[in-house]
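Following: one structure in structure tokens, then a few remarks.
In each ligand, atom 1 is the first atom listed, and ligand 1 is the first ligand listed. These figures come from a predicted structure and were not determined experimentally.
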Amino acid sequence: MQTAQCLNQIKPYLFAEIDRKRDALREQGIDVISLGIGDPDLPTPQHVIDAMMQAIQKPQNHQYPDYAGSIEFRTAAATYMKNRFGVEVDPKTEVLALIGSKEGIAHLHTAFVNPDEYVLAPSIGYPVYSIGATLQNANTYFMPMKAENGFLADFDNVPAEVLAKAKIMFLGYPNNPTGAIAPVEYFDKAIAFCKQHGILLAHDNAYADLSFEGYVAPSILERPGAKDVCIEFFSLSKPYNMTGWRIAFACGNEQAVKALGTVKNNLDSGQFTAIQEAGCVALLESDEFVAQMNSIYQHRRDLVVDALRAIGMQVEAPKATIYVWARVPKGETSESFATKLLEKAHVIVTPGSGYGPDGEGYIRISLTTPDDRLLEAVERMRSAMA
Ligand SMILES: *Cc1c(COP(=O)(O)O)cnc(C)c1O
């Protein structure tokens, strides 16, 4: 038996070795604190759970869902876009329900990328942008991303031969893992670039609503001409603590939405309609809940940033997302430092190198751990570093 060649291209999971060490420590009864995973620790809000309890009782919800998503869910997504960003999208032709945005992002490659072609992906980013290309027997060009440029992916120097074969450019701000935000002028520049070169611009806006200190993240679709070239991905996972529910949507350019829909209706049969029904409530009735979550994350962010600075690490307080991105101390690599923290402090952080070439030299700390455990973790890091 031989697997497809593209599977051999996928590097062994970077975090597997850390998982192995963690399991070995836990087997010895050692208390390991994980700050590695971007999965909210707090529960889905009660109003969404209540909506689910009602939705699951309805026999019409027990049949195959609508392929593109129920018209109610797509309309709720369009209403959210209008209320939140002032963006108009037609629920019938410009919105598609997804079984989580990871699925949608992965399948976008199937819809647009032929073997040997290219996607342009940030050199620090959500791994699916490039793995999706690999699974399509296509290539990734990593756009440089540096602290001195505010971690804005640089597409000024893409080689002509890459550009000629480039089909999708992926961007995502507020950014996982760097916590960076993008000024709207950057979006305008990316839109003009993609228009000029006939490239689909896919914007991953999973953290649009998780922000601090009054910062309000935009949708790229607010920008003039965006709908000519952009598809934007929104996920209910992070803002409403719904990672396990698998519900998200894509919206924007009609042709892109349609192409992604064609791939999906040949591969899956949509998300459980009851989950979509609860998703409508999450999208439309959660302003207060999200504000509460933001104040919790902001408090945790400040705890972590203060503690990291106290132990001499270089770190900026992010304006958005649920991550703190920190430079490793001199003489360490991402992996050596993450391993040291695990072995000496029994704390798991994510090595930045797992997010792409420019992630080397950083670690990511996730704020999805209760305050007391976060404090305990940074305290342990402090003694391990002393
Ligand atoms: C969590 C995350 C996603 C995926 O979210 P799901 O909707 O749960 O699949 C997509 N993009 C980024 C940047 C994320 O951090």
Is the side chain of S211 donor-acceptor paired with the backbone N or O of V216 at a distance under 3.5 Å, no angle test? no
Is there any protein N/O under 3.5 Å from an N/O of ligand 1, and what does the full list of such pairs look like?
{"residue": "ligand 1", "atom": "5 (O)", "partner": "S101", "partner atom": "OG", "Å": "3.3"}
{"residue": "ligand 1", "atom": "7 (O)", "partner": "S101", "partner atom": "N", "Å": "2.7"}
{"residue": "ligand 1", "atom": "7 (O)", "partner": "S101", "partner atom": "OG", "Å": "3.1"}
{"residue": "ligand 1", "atom": "7 (O)", "partner": "S235", "partner atom": "OG", "Å": "2.6"}
{"residue": "ligand 1", "atom": "7 (O)", "partner": "S237", "partner atom": "OG", "Å": "3.4"}
{"residue": "ligand 1", "atom": "8 (O)", "partner": "S237", "partner atom": "OG", "Å": "2.6"}
{"residue": "ligand 1", "atom": "8 (O)", "partner": "R246", "partner atom": "NH1", "Å": "2.8"}
{"residue": "ligand 1", "atom": "8 (O)", "partner": "R246", "partner atom": "NH2", "Å": "3.4"}
{"residue": "ligand 1", "atom": "9 (O)", "partner": "S101", "partner atom": "N", "Å": "3.1"}
{"residue": "ligand 1", "atom": "9 (O)", "partner": "K102", "partner atom": "N", "Å": "2.9"}
{"residue": "ligand 1", "atom": "9 (O)", "partner": "R246", "partner atom": "NH2", "Å": "2.8"}
{"residue": "ligand 1", "atom": "11 (N)", "partner": "D204", "partner atom": "OD1", "Å": "3.4"}
{"residue": "ligand 1", "atom": "11 (N)", "partner": "D204", "partner atom": "OD2", "Å": "2.6"}
{"residue": "ligand 1", "atom": "15 (O)", "partner": "N176", "partner atom": "ND2", "Å": "2.8"}
{"residue": "ligand 1", "atom": "15 (O)", "partner": "Y207", "partner atom": "OH", "Å": "2.6"}
{"residue": "ligand 1", "atom": "15 (O)", "partner": "K238", "partner atom": "NZ", "Å": "3.1"}

Lys/Arg cation over aromatic Y141: K165, 6.0 Å, 45° cone: no
Parallel, tilted or perpendicular: ring planes of F85 versus F234, cut at 30 and 60 degrees: tilted
Salt bridge present between R20 and D23 (N-O < 4.0 angstrom): no
What do you reckon, is NZ of K227 surrounded by more than 12 foreign heavy atoms closer than 6.0 Å? yes
I'd like to know if D41 pairs up with R373 as an ion pair, taking the criterion as any Lys NZ or Arg NE/NH1/NH2 lying under 4.0 Å from an Asp or Glu carboxylate oxygen. no
